[in-house]
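Notes for the one structure printed next.
Since the model is a prediction, treat every value here as computed from it, not as a measurement. Sequence lines set the chain letters: A, B, ... in the order given, protein chains first and strands last, and positions in each chain run from 1.
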Amino acid sequence: MKKVLLKGKIASPGIVKGKVRIILDSINCHLMNKGEILVTEMTDPLYMPAISKAAAIVTDIGGLLCHAAITARELGIPCLVNTKNATKILKDSQVIVIDAKKGQIYED
Amino acid sequence: MKIKTILAKIGISDNDVLRWKKEGIKITFPMRKNKKFYKSDDGIIFIEGADKYVIPLSEIEVSQYIKNPGKFKEDFLKNLKLYKQFCLYLQKYIPRLDLCDHFSKSLALLSIFYLFQVGMDHHYYHFDRYLVYENYPQTPVGFWWAKAKDLYLKILGRNKMTNALQLGFLDLLSDKNQSIASQLRKKADKKNFYELQEALKKIKIFEAAQKEEIELCADHKNKQIIFFQIGLPIWSGLQKSIVKAGIVKMNYLEKVKEILNGHPINGVRYLLDQVNLNKYFTDNLKQELEAEIKRWI
């Protein structure tokens with residue numbers, strides 16, 4: 001049984017596996033690689049360069065009408081919000097599974 | 001002869017203040033916690049801190065915005081634009097503080113941060129806070145969220161939201177709406193289906209408000225959120241000047257330094273809340289700060 005690293009609110013459903021990319025300042029969006037999982041405190045339009053490459057989005061805070069949630073639903077990519085501390089628990093390049101059907105993040 | 005307040009000394013005249021008040025800028029004093037506030041489940045740091053100080057929607061506003069979410073969006077964005085202009089205006093005066101002594105600089109920065117934060121509470125958080133309350137049917141977003149969910153369950157002949165049903169509901173809100181909507185149309189009577197579509201349209205108005213809000217706050221050229229751009233330098237200015245300013249009571253100096261090393265929004269609450277303003281700061285500072293803020297009321 002896979003270890004559950006975090007739980008969050010399902011803002012956009014889906015299941016995806018990928019590498020974590022933690023971006024705490026939108027000025028670092030260029031560090032995002034295609035297919036990675038964007039992990040941040042919360043998103044805004046300045047994060048679009050990273051979001052457009054992301055396979056999924058995970059945020060520390062936010063509700064179902066936050067920017068990350070709305071954008072993820074528009075793009076059809078999984079999104080978990082309100083994980084509280086994904087940016088602290090997860091590590092860059094860590095391979096994880098985002099299960100935005102159960103609202104959980106597993107270690108791969 | 002009327003004594004000039006600190007911001008008047010750096011060029012913000014009584015006429016300027018009057019002009020902003022006529023434009024609709026609302027400032028209240030003192031800053032105090034509300035007794036009743038909705039606690040949201042997205043809370044970390046400043047979000048929960050903001051809850052207690054944010055001026056809540058009045059009963060009339062709640063009723064009006066439930067009936068007409070378009071009015072919520074209109075009022076929210078109008079207030080946000082006004083607040084943004086106000087912050088940009090205040091920002092112009094900060095470089096003038098470079099020539100001030102530590103006392104004057106700290107007093108001015110505290111005054112500006114007070115106006116910045118309380119302005120945010122009245123014109124930004126007052127509306128924005130409510131966008132996280134989808135699980136609170138007594139709020140405008142929550143009302144339509146609950147209505148849409150109830151209709152969705154009714155059409156499906158279910159009385160409880162399961163995880164799978166929740167995912168379908170989220171798909172309804174997305175571009176998958178069309179295929180899921182046509183599936184629901186086959187199951188539903190005309191009235192229920194129509195009402196569900198209407199409820200979803202109302203939720204979309206709140207989504208649109210969120211999208212426009214966040215776009216208003218983003219400075220794409222400098223790749224920063226405007227309010228961070230304005231607020232963070234004020235905060236760091238305070239970190240540098242306040243210790244030498246002689247405005248903090250000696251036995252609270254370490255506490256104030258600790259607060260200044262923390263999050264700005266939480267920090268300004270701690271420092272300038274009615275209770276702590278009296279506790280941490282000298283009488284001289286309090287009197288001058290109060291005189292300045294009362295110009296704006």
Side-chain angles (χ1 to χ4, degrees), chain A residues 6-15 23-31 40-51 57 59-89 98-104, chain B residues 40-48 50 128-136 139-142 144-145 149 162-177 203-229 263:
Chain A
L6 284 161
K7 292 184 183 182
K9 221 184 216 188
I10 304 166
S12 179
I15 299 178
I23 297 182
L24 299 177
D25 191 325
S26 58
I27 212 155
N28 294 322
C29 282
H30 62 281
L31 298 173
T40 185
E41 286 175 348
M42 56 191 281
T43 69
D44 57 57
L46 301 170
Y47 277 82
M48 282 315 293
I51 292 172
I57 305 173
T59 65
D60 285 350
I61 61 177
L64 298 187
L65 291 182
C66 72
H67 177 265
I70 295 168
T71 308
R73 287 196 293 267
E74 284 180 352
L75 294 175
I77 60 173
C79 177
L80 292 181
V81 298
N82 195 27
T83 62
K84 306 287 188 217
N85 52 5
T87 55
K88 294 187 171 58
I89 302 282
I98 305 292
D99 185 347
K101 288 193 172 184
K102 288 185 182 170
Q104 293 176 344
Chain B
S40 70
D41 60 5
D42 70 343
I44 291 180
I45 316 175
F46 74 90
I47 300 294
E48 287 297 355
D128 176 64
R129 200 70 198 95
Y130 284 79
L131 294 173
V132 302
Y133 292 137
E134 71 267 7
N135 291 326
Y136 294 74
T139 66
V141 173
W144 289 106
W145 196 269
K149 276 170 107 166
T162 62
N163 199 50
L165 291 175
Q166 174 75 6
L167 299 180
F169 184 73
L170 288 174
D171 282 341
L172 257 186
L173 287 172
S174 73
D175 283 342
K176 290 181 186 176
N177 188 352
I203 294 171
K204 284 284 183 197
I205 294 173
F206 292 110
E207 278 193 358
Q210 171 76 275
K211 281 162 81 171
E212 282 194 52
E213 168 230 325
I214 205 116
E215 199 53 60
L216 267 171
C217 297
D219 175 355
H220 288 278
K221 187 180 165 194
N222 293 308
K223 297 192 194 313
Q224 259 204 308
I225 295 294
I226 284 167
F227 301 121
F228 293 162
Q229 229 170 40
H263 194 288

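- Rounding to the nearest 0.5 angstrom, the gap separating the CE atom in Met42(A) from the CD1 atom in Ile225(B) is 7.5 Å.
- With rounding to the nearest 0.5 angstrom, the NZ atom of Lys102(A) is 11.5 Å from the CG atom of Leu167(B).
- The choice from Ala69(A), Ser26(A), Cys66(A), Ser12(A) that makes the most heavy-atom pairs within less than 4.5 Å of chain B is Cys66(A).
- Heavy atoms of Ala72(A) lying under 4.5 Å from chain B are absent altogether.
- Put simply, of Gly103(A), Pro45(A), Gly14(A), the one with the most heavy-atom pairs under 4.5 Å next to chain B is Pro45(A).
- One finds the CD1 atom of Ile214(B) at 8.5 Å from the OG1 atom of Thr71(A) (value rounded to the nearest 0.5 Å).
- Proximity to chain B is limited to the backbone of Ala100(A), based on heavy atoms less than 4.5 angstrom apart.
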Given Asn163(B) and Ile10(A), is the side chain to side chain contact (heavy atoms under 4.5 Å, CB included) satisfied, shown in steps? CA-CA 10 Å; Asn163(B) 199 50; Ile10(A) 304 166; 3.8 Å; yes
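- Of the atoms belonging to Gln210(B), it is side-chain heavy atoms, and not backbone ones, that fall under 4.5 Å from chain A.
- Taking CD1 from Ile77(A) and OG from Ser174(B), the interatomic distance works out to 12.0 Å, rounded to the nearest 0.5 Å.
- Neither the backbone nor the side chain of Glu213(B) comes within less than 4.5 Å of any heavy atom of chain A.
- Contact of the Leu65(A) side chain with the Ile203(B) side chain is registered, since non-hydrogen atoms from C-beta on lie closer than 4.5 Å.
- For the atom pair Ile27(A) CD1 and Lys223(B) NZ, the distance stands at 7.5 Å (nearest 0.5 Å).
- Your options are Val81(A), Ile70(A), Asp25(A), and the one with the most heavy-atom pairs under 4.5 Å with chain B is Ile70(A).
- To the nearest 0.5 Å, atoms CG (Asp44(A)) and CZ (Phe228(B)) are separated by 7.5 Å.
- Between Glu74(A) and Lys211(B) there is a side-chain heavy-atom pair separated by less than 4.5 Å.
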